[in-house]
Structures are given as C-alpha cells and as structure tokens.
There are 2 protein chains.
Amino acid sequence: MANKRIERRTDALSKERIVEAAIAILDSDGENALTFRALAARLATGAGAIYWHVADKDELLAAATNDIIARAMADVTAGAEPREAIRAIALGLFDAIDLHPWAGTRLSREPFEPAMLLVSEGIGGRLLALGVPERERFNAWSVLVSYIVGAAGQNAANARRLPRETDRSAFLGGVAAQWEQLDPARYPFVRKLAAKLRDHDDREQFLAGIDLILAGIATVR
Amino acid sequence: MANKRIERRTDALSKERIVEAAIAILDSDGENALTFRALAARLATGAGAIYWHVADKDELLAAATNDIIARAMADVTAGAEPREAIRAIALGLFDAIDLHPWAGTRLSREPFEPAMLLVSEGIGGRLLALGVPERERFNAWSVLVSYIVGAAGQNAANARRLPRETDRSAFLGGVAAQWEQLDPARYPFVRKLAAKLRDHDDREQFLAGIDLILAGIATVR
DNA sequence: ACCTGAACACCGTTCAAGT
DNA sequence: ACCTGAACACCGTTCAAGT
C-alpha cells in the first residue's frame with residue numbers, strides 16, 4: 001500500500017532539497033546567514049553531507065539563483081504587444097529580485113546563468129517583432145538586459161539594507177537632506193533632485209528607465 | 001636641514017596610507033586577497049592597529065571605492081557638447097571600474113558613495129543643457145546612472161573572472177557554441193546572438209547602450 | 001595617542017570513519 | 001552510495017597590554 005509509507009521520513013538529501021533549504025535561509029535571514037553549518041542544521045545532517053550533492057557554495061548559489069529566475073519567468077504573462085511584453089519580463093525580474101535580493105547580487109556578477117537565456121530570448125524575440133534592424137539587435141538586447149539586472153540589483157540591495165518602510169523613508173530623507181545642503185554653485189542639479197528622491201516609487205522609476213530605453217531603440221528602427 | 005630626515009621612515013599609519021595599501025592589494029590580487037592580516041603585513045604593523053584608523057572592512061572598501069571614483073572623475077575631460085560630455089563621464093567610469101573591478105562590485109550595492117555625487121551632477125548638468133523637461137529629469141538621470149554602474153560592474157566582473165585575453169575569447173567562444181546548439185524552435189534569437197557575442201568589443205557595446213538611452217531621452221525633450 | 005599580537009567566534013572545505 | 005562530525009586553514013574583530 002502506498003500510504004504505508006506515509007509516515008516515512010522523506011528527507012533523504014538531494015540537490016533540490018538542499019537548494020530549497022538554502023533559498024529559505026537566504027530569504028529569511030540574508031546572504032550572511034547562509035553557511036554550511038546553518039544549512040546542515042536545517043536539514044538535520046552534517047555539514048559535510050551537503051558536499052556529496054553540491055560541489056561548493058558557488059554552485060549552491062548558482063542553483064538557487066537559477067531557480068528564482070526560472071520561476072519568475074514562468075510566472076510572467078507576456079501578451080502579444082512587444083513593448084508590453086518586454087515591460088512584463090522586466091517587471092517580473094524586478095519583483096523577483098526585490099523578493100530575493102541575493103539573487104540580484106549573484107546575477108550582476110554571473111549574467112550567464114542558464115535561466116537568463118529565457119530572459120534574453122523573451123526580450124530578443126520582442127525586439128525582432130519591433131522590427132529592430134539586425135545591426136542594432138545586439139546592442140538593444142545588451143542595454144536592456146544590463147539595465148534590468150543592474151537596476152533591479154541596485155534596488156534590491158537598497159531595500160535589503162533598509163528592511164522596513166520607515167527605514168527607507170528615513171534613509172532617503174537623510175540623503176535628500178544632505179543633498180539639499182550641498183553647495184548650490186557646485187551641485188545645482190543634485191540639489192534639485194533631492195525632492196524627487198524623497199517620494200519616488202522604485203518600481204515606477206525602474207519602468208520609466210525601460211520606457212526611455214525602448215524609446216531609444218525605436219529611433220533606430 | 002630638511003634632508004636630515006630623508007631616511008626617516010615615513011610610515012606612520014594613517015587612513016590614507018591604509019586605503020592606499022588596500023587598493024594595491026585589491027588591484028593586484030583581487031577582493032579575496034584583502035584581509036586585515038595581509039594589509040597589516042604590507043604595512044608592517046599588527047592587524048589590530050588598522051582599527052585605530054578605520055572602523056571596519058566596510059569603511060575601508062567605501063574609502064577605497066570613493067578614491068577610485070573621485071580620481072576617475074577628476075581625469076574626465078568633458079567638453080561643452082552635452083551628449084559627448086555624458087559619454088566621456090560614462091566611459092571614464094567604465095574604464096575605472098574595468099581597472100578596479102572590486103570598486104564596481106561595491107558601487108552596485110552602495111550607489112550613494114560621496115564621489116557618485118560628482119557623477120550625478122556631471123550627468124545631470126548635461127541633461128539640463130540638453131533641455132530635458134523637469135518631469136523627465138529624475139528618470140533620465142536614474143536610467144543613466146543605473147546603467148553606467150550596472151553595466152560597467154557586470155563587464156568588470158567578467159573581465160576579472162577571465163584575467164587573460166585568451167581566457168575571455170575561450171569563455172565567450174564556449175558560451176557562443178552552447179547558444180548555437182540551443183533548440184532553434186525555442187531560442188531563435190539567442191542562437192543568432194551567438195556570433196555577435198564572439199567578437200564584440202565590450203567598450204563599444206557599453207557606449208552603444210549609452211547612445212540608445214540618450215536617443216530615448218531625446219524623444220521626451 | 002597609537003600600536004601590538006594573542007584570543008575569540010566564526011567561516012568553507014576536507015576526510016577518515018561509519019552505515 | 002551516502003552520511004557524520006571532527007579537524008584544518010583560514011577569516012573579521014576585540015582587547016589587554018605595551019610605548
């Protein structure tokens with residue numbers, strides 16, 4: 001009978017279970033909390049056992065990041081309109097990285113993770129649909145992917161450093177206050193930026209960047 | 001006589017000397033080589049002595065990064081034409097981060113370093129000169145700075161992982177070969193990208209991204 | 001005031017020993 | 001084949017003790 005084994009501990013180690021546990025630790029306690037000792041404790045095993053399934057910490061982070069990106073891309077519902085589809089993909093990644101900032105850190109340094117192929121193909125296909133000429137496709141793809149990964153990672157790093165909403169307001173308010181006290185002769189632009197810094201929405205700002213890039217791409221069509 | 005003291009050891013510790021030594025270690029041996037023990041050895045002192053001048057490793061990295069950016073910005077000769085000036089600033093940062101990849105890593109996570117004010121003001125002032133309307137200035141500034149820091153950091157991370165030119169060719173060749181073997185039905189765009197990947201110039205690619213963004217900004221003028 | 005260096009509380013990774 | 005956990009070679013940081 002199948003349910004004879006229902007009480008059986010199903011916790012034999014596997015790469016999937018290890019990666020799953022790693023993601024849980026990374027999400028709840030941050031990058032510094034992911035140690036082989038903490039991971040072993042959570043999996044109720046010895047630290048060395050993990051090395052039977054995973055080569056080292058780098059492979060662990062790579063697998064965890066790949067999971068996050070693959071899931072995020074699977075959740076994206078990109079419609080037929082190419083510009084909207086690119087925005088949807090970009091926002092999907094932005095939100096995933098916002099939720100899993102450590103994945104953003106990893107991605108900025110290792111942009112050739114397998115799951116990034118889904119992102120590249122998703123965006124690239126829409127560039128074709130937009131009629132971007134061959135000679136500009138590489139550059140258009142490159143600027144979009146660089147911006148998405150870079151800006152999303154930077155945003156998530158900020159958010160992680162300032163866990164609560166009040167922390168964020170206080171921090172940005174503090175930076176803005178500093179900016180407003182800069183020498184007006186030397187920093188006229190930054191001084192005027194201060195007000196916007198205080199009450200901008202990160203997601204909107206990110207998307208506005210995508211739109212500006214798409215507008216630029218449209219000019220080389 | 002002044003030269004009576006010429007033989008005198010001038011190596012009293014100071015934050016500047018410590019930061020200078022840290023930059024030397026980071027540049028020659030990479031991020032992982034910067035330890036307080038290595039730093040103390042190079043400065044011929046005890047590890048703990050450094051803490052008298054620097055609060056912790058974070059402050060050390062912040063100061064080192066700030067030095068690099070400030071120097072790079074001081075070296076930029078930005079002419080009167082706004083678009084050219086923005087390109088010059090962007091390239092100055094790109095080259096500095098290429099030379100000091102660890103600064104790129106730091107900058108992607110801590111974009112509010114003081115020296116970045118010079119970058120923001122330099123770019124922002126040119127956006128004013130370009131006639132970017134008030135409501136678009138924040139977004140235009142944001143997309144440029146995010147892209148510059150993000151793309152330069154990603155490029156430098158790649159370059160650091162592949163120290164020699166042949167390593168880089170081999171790596172990109174390998175990635176391109178993988179891309180060419182992808183299922184044409186699922187990855188038509190990425191497959192076609194492979195050829196470009198093999199022989200592109202990173203600096204040109206970066207600059208092409210700046211140009212696309214500037215073209216987008218021009219459309220909202 | 002500034003420096004020394006041992007000590008503390010960690011790490012990632014290895015490996016002999018177990019089952 | 002897979003797991004255990006002590007051991008190794010490191011870290012950043014602290015701090016009593018020196019000058």
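The sequence lines fix the lettering, A, B, ..., with proteins before strands; numbering per chain opens at 1. Atoms considered below: every heavy atom in the structure, side chains included; atoms not considered: hydrogens, waters and symmetry mates.
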Pair B/R198 + B/E180: basic N to acidic O under 4.0 Å: yes
Plane angle bin for B/F206 and B/Y147 - parallel if under 30°, tilted between 30 and 60°, otherwise perpendicular: parallel
Whole angstrom value for the distance that separates P of D/dC3 from CD1 of A/I50: 10 Å
What's the CG-P distance between B/L13 and C/dC3, to the nearest Å? 5 Å
Each nucleotide N or O in nucleotides 10-13 of chain D that has a protein N or O under 3.5 Å away: list the pair and distance.
| residue | atom | partner | partner atom | Å |
| --- | --- | --- | --- | --- |
| D/dC11 | N4 | B/R37 | NH2 | 3.4 |
| D/dG12 | OP1 | B/L34 | O | 3.4 |
| D/dG12 | OP1 | B/K57 | NZ | 2.7 |
| D/dG12 | OP2 | B/F36 | N | 3.1 |
| D/dG12 | N7 | B/R37 | NH1 | 2.8 |
| D/dG12 | O6 | B/R37 | NH2 | 2.8 |
| D/dT13 | OP2 | B/Y51 | OH | 3.0 |
| D/dT13 | OP2 | B/K57 | N | 3.0 |
| D/dT13 | O5' | B/Y51 | OH | 3.2 |

Closer than 4.0 angstrom, basic N to acidic O: yes or no for A/R168 and A/D202? yes
Please state how far atom CG in A/L43 lies from atom P in D/dG5, giving the value in whole angstrom units. 14 Å
Residue-level proximity of residues 101-110 of chain A to DNA chain C when a heavy atom falls under 4.0 Å: none
Do the side-chain N and O atoms of B/S142 and A/Q205 include a donor-acceptor pair separated by under 3.5 angstrom? yes
Would you call B/R87-B/D211 a salt bridge at under 4.0 Å N-O? yes
Which pair of heavy atoms, one from B/A152 and one from B/I97, lies closest together, and at what distance? O-CG2, 3.5 Å
Looking at B/D98 and B/R203, does any basic side-chain N land under 4.0 Å from a carboxylate oxygen? no
If you measure from the Lys or Arg side-chain nitrogens to the Asp or Glu carboxylate oxygens, is any gap between B/D67 and B/R71 under 4.0 Å? yes
Does C/dC3 have its OP1 or OP2 closer than 4.0 Å to a side-chain nitrogen or oxygen of B/W52? no
Can a side chain N or O of B/H53 be found less than 4.0 Å away from OP1 or OP2 on C/dA1? no
When you look for runs of 3 or more Watson-Crick or G-U pairs in a row, both distances below 3.5 Å, which of them include DNA chain C? C:4-8 with D:12-16, C:12-16 with D:4-8
